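Worth knowing before you read on, the calculation uses all heavy atoms, side chains too, and leaves out hydrogens, waters and symmetry mates. Keep in mind the model is a prediction, meaning the values are calculated, not measured.
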Amino acid sequence: MMGDLKKSSRGPTLDVHPARLVAAEWADHLRRDRRRSEHTVRAYAATAHRLIAFLGRHRGQIIDGDLIAGLDKGDLRAFLAERRGEGLANVSAARELSAVRAFLDFAGGKARVKGPRIKKGVPRPVTPADIAAIAEDAAESAAEPWIAARDEAVLLLLYGAGLRIGEAVGLTGDALPLGDRLSVTGKRGKTRIVPLLPPVREAVERYAALCPYGYADNEILFRGAKGGPLAPDLIRRAVRAARVRLGLDGRTTPHALRHSFATHLLGRGADLRSLQELLGHASLSSTQVYTGVDAAHLMDVYRNAHPRA
């Protein structure tokens with residue numbers, strides 16, 4: 001493990017904390033080897049530095065890599081308790097703990113504690129923050145950087161473009177290069193056009209650049225680990241594992257991301273007819289099922305949106 005002092009042309013510097021050098025190495029690993037986004041790197045590095053600062057107060061000593069590797073459950077519980085005392089919500093606390101576990105894995109640590117339990121309530125859309133946490137957690141847990149990019153891209157297509165999971169994994173190389181719109185073939189061979197937000201487009205392009213199998217116009221874009229078509233169940237499993245680690249409701253599924261896309265758009269005043277087209281629905285009743293909005297509110301939106309209502 002690295003020494004306590006960082007050498008420079010002026011000699012040793014006392015202001016560089018040895019554990020912070022480990023955190024910096026971890027951030028470089030996330031950026032270079034895991035191909036994580038700068039947003040993820042910053043968030044995870046911030047968690048590592050919070051943990052190190054806490055340990056300095058908690059242990060009353062200089063924290064180095066060996067101490068991090070030897071942390072016990074009591075240290076982690078104390079850290080989590082302090083963060084909760086600062087007002088961290090359950091889901092955010094679970095996400096923080098997930099980042100801590102990843103940092104400890106990098107440093108050779110073995111300590112593990114269970115995350116906070118999330119009370120189950122009535123069905124509700126998944127929040128944008130939780131969706132981002134799921135995508136990042138699923139990607140961080142992937143075996144290879146290109147698989148991490150794949151899972152993140154598929155999940156963002158479900159929420160950011162409202163695709164069904166079958167529609168997302170069924171995309172072919174014809175979709176590339178991406179523009180600001182995407183042609184999607186849905187149920188019964190019906191084609192629709194959906195807008196692509198920049199983060200969604202960038203995620204798909206990042207995957208395409210990393211995928212070792214390449215792609216042809218008429219071939220499946222998203223691949224499994226051995227090069228075959230990506231099975232939807234692999235994405236379902238990735239979401240299931242992420243929601244367990246993050247302590248999210250058991251009804252948080254890939255389908256719930258599409259549900260959330262619809263609910264959030266409708267809640268922000270989206271035109272109902274446009275929403276039906278984006279989702280690929282033929283009837284008002286189908287849209288009502290997806291959005292979870294009560295019928296009275298849905299009819300109000302319909303009356304305001306439809307010129308002959």
### Message
Quick check for you: to the nearest 0.5 Å, what is the distance between Leu21 atom CG and Ile52 atom CD1?
### Response
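These two atoms lie 9.0 Å from each other.
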Practice problem: First locate atom CD of Glu25, then atom CG of Asp28, and finally report the distance between them rounded to the nearest 0.5 Å. | Solution: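 Here the interatomic distance stands at 7.5 Å.
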Test item: [X] and [Y] side chains (from C-beta on) under 4.5 Å apart, heavy atoms:
X      : Y      : value
Leu163 : Val194 : yes
Ile134 : Leu248 : yes
Val200 : Leu182 : no
His58  : Glu82  : no
Leu176 : Leu178 : yes
Val239 : Arg236 : no
Arg150 : Ile147 : yes
Leu71  : Arg59  : yes

Please step through side-chain hydrogen bond (donor to acceptor under 3.5 Å, both in side chains) for the pair Arg95 and Ser98, ending with a clear verdict. CA-CA 5 Å; Arg95 188 177 181 186; Ser98 179; over 6 Å; no
Q. Taking the inter-plane angle between the rings of Phe103 and Trp26 on a 0 to 90° scale, is it parallel (under 30°), tilted (30 to 60°) or perpendicular (over 60°)?
A.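 Phe103 and Trp26: tilted rings.
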Point to revise | Glu167 with Arg192: basic N within carboxylate O range, under 4.0 Å | key: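 So Glu167 pairs with Arg192 through a salt bridge.
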Cationic N near anionic O, under 4.0 Å, Arg101 to Asp105: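 Judged by the 4.0 Å cut-off on N to carboxylate O distance, Arg101 and Asp105 do not form a salt bridge.
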